[in-house]
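See structure below.
Order of listing sets the numbers, starting from 1, for every ligand and every atom in it. For the numbers below, each heavy atom of this structure counts, side chains included, while hydrogens, waters and symmetry mates do not.
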Amino acid sequence: MLRVAVVGSGPSGCYTAQGLVQQDPSVRVDVLDRLPCPYGLVRYGVAPDHEKIKSLQNNLRAVLEHERVRFLGGVQIGGPGGLPAARLLELYHAVVYCVGAAADRRLGIPGEELPGSWSATEFVSWYSAHPDAVDDGFVRDVRSAVVIGVGNVAVDVTRMLARGAAELNPTDMPEPVLTALAGSRVGEIHMVGRRGPSQARFTTKELRELGALPDTDVVVDPRELALDPAHADLSALSAAQRRNVEVLRGWAAGPPTGAARRIRLRFFLRPVELLAVRGRVGAVRFERTVPDGDGGVRGTGRYEDVEAQLVLRSVGYRGVPLDGLPFDAATGTVPHREGRVLREGAVAPGEYVAGWIKRGPTGVIGTNRPCAKETVTSLLADAPALARRRVSGDAVAVLRAEGVEPVEWQGWLAIERAEARLGASLGRNAVKLPDWDSLRTAARTALPRTGS
Ligand code: NAP
């Protein structure tokens, strides 16, 4: 039997585990996660109103319930108090790191740290009930919000700011989050790109959803569309870019209906400073940009201040170094060749990567399938050599001996039951447990182990 640890139970981790057990009957996989809950960004990143994408959890669940796969939650690899990467490699013939990109990119402009300025991921963590999330109230006393960036995360947070109680109630968000968002008075949401509409990173399906929000107008300034180099002739654009521009043109052509909320999609504005009002963010200063003829933009020295009591910086994720693993700070990824980790240019036997920590934070969930497949192919090609590595006894026994009590699958099922009970008590569907204590307590009510 080849024993493999997959670190991270998001899509890339689950697809890696799936590939391994499907392609080789002699492989057993432990999928480890820092959190007691599986599914990574599918649970803690995909917006709660995106039920169809959320239902991907059912596919990932089938992987984690495979007879040769074990889920071991609550196990931290690296970092203070965590199991060192080198120790993990003593327990398994191979380790595949699928740890994603856990940090946010920074803007690096004055005022970024003002109260009321958050990364989009902090906001997402809050409404997704991530146990590490901070509850700032976020939308309390906010009339106008600015979302910086025009990728799919920006679209997600913009949409969540505009959603009303009726649409939020069926989701799994905690009651205090639901109450805060449903009672929000945010009337203006500005989503702002530094380049042009044809260069925006959002996908058309996500963009269109903004136009379907109840009691919300989407406002686009035709003059900003006209600034785009591709404006006169869309033929040079990809089909996806063209579709985006066409949707935006539709909105630019229609007058607002006077709805309660407005989403203003802005372009060619580069954030230069967050301005304070009474110690909190009060506005964002943007510099007007123009195309530089090379796909980028240059500043014009003209500025525009946009009122905002809440600023969500949605400018992409960034991988973080994991103790004991090499890291390329420029790309925020682990250097690799076809998924094999490289140490100073040479393959490090037994260590692999897949997902965002391998290729950077791009692509949709499905992009992780081919990415994981490549890594699985490399690992299985190396299997004869890996099988000769000496490994210590069963990982769970070793972890317990070292004081780590993993949350096994039964523990996770107990969390699911507790969330269903909580939802029922509130007259709602399942509602997520939002903190470490309640997750751990629920996991401890697990049914007795059936043998692991
Ligand atoms: P992203 O797609 O990389 O978009 C980042 C945005 O931030 C871009 O508009 C970028 O503009 C802008 N930006 C970067 N640095 C900036 C700066 N200093 N000042 C102003 N703007 C700046 O990242 P993301 O939205 O975080 O999404 C990450 C990945 O997850 C993407 O692949 C996305 O498709 C995926 N995702 C998918 C879904 C879905 O399918 N529903 C939902 C969420 C996320 P430039 O282009 O000018 O750099």
Suppose we measure from [atom] to each protein heavy atom; which comes out shortest, and what is that distance?
atom	value
atom 27 (O) of ligand 1	Val153 CG2, 3.7 Å
atom 23 (O) of ligand 1	Gly316 CA, 3.8 Å
atom 6 (C) of ligand 1	Ser314 O, 3.7 Å
atom 19 (N) of ligand 1	Leu107 CD2, 3.6 Å
atom 35 (C) of ligand 1	Gly363 O, 3.6 Å

Please report whether ligand 1 has a polar contact with [X], defined as an N or O pair separated by less than 3.5 Å (distance criterion only).
X	value
Val150	yes
Thr362	no
Ile148	no

For the residue pair Trp126 and Asp135, establish whether any side-chain heavy-atom pair is separated by less than 4.5 Å.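 The answer is yes; the side chains approach within 4.5 Å.
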Is it true that [X] and [Y] have a side-chain N and a carboxylate O under 4.0 angstrom from each other?
X	Y	result
Asp132	Arg34	yes
Arg313	Glu112	yes
Asp292	Arg298	no
Arg261	Asp217	no
Arg61	Glu65	yes
Arg270	Glu287	yes

- Is Trp356 near ligand 1, meaning one of its heavy atoms is under 4.0 Å from it? yes
Note to self: Against ligand 1, does Pro361 come closer than 4.0 Å with any heavy atom?
What the structure shows: yes
Of the listed options ([options]), which comes nearest to [atom] when hydrogens are ignored and any heavy atom counts?
atom	options	result
atom 33 (C) of ligand 1	Thr203, Val315, Asn152	Asn152
atom 2 (O) of ligand 1	Arg106, Arg201, Gln199, Met191	Arg201
atom 39 (C) of ligand 1	Arg194, Glu206, His50	Glu206
atom 46 (O) of ligand 1	Arg195, Lys205, Glu209	Arg195

Open item on the list: Using a 4.0 Å cutoff against the non-hydrogen atoms of Arg105, which atoms of ligand 1 qualify?
Closed with: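 What qualifies from ligand 1 is 15 (N).
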Counting each atom of ligand 1 from 1 as listed, which ones have a heavy atom of Val364 under 4.0 Å away?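 It comes down to these atoms of ligand 1: 40 (O).
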When you compare the side chains of [X] and [Y], does any donor N or O come within less than 3.5 Å of an acceptor on the partner?
X	Y	value
Glu122	Ser119	yes
Thr331	Asp328	yes
Thr171	Asp49	no

_Is_contact(atom 10 (C) of ligand 1), protein non-hydrogen, under 4.0 Å_ = no
Query raised in the report: Using a heavy-atom cut-off of under 4.0 Å, does the side chain or the backbone of Asp156 touch ligand 1, or both, or neither?
Result: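 Side chain only.
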Nearest-0.5 Å distance that lies between atom CD in Glu304 and atom CG in Leu269:
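These two atoms lie 5.5 Å from each other.
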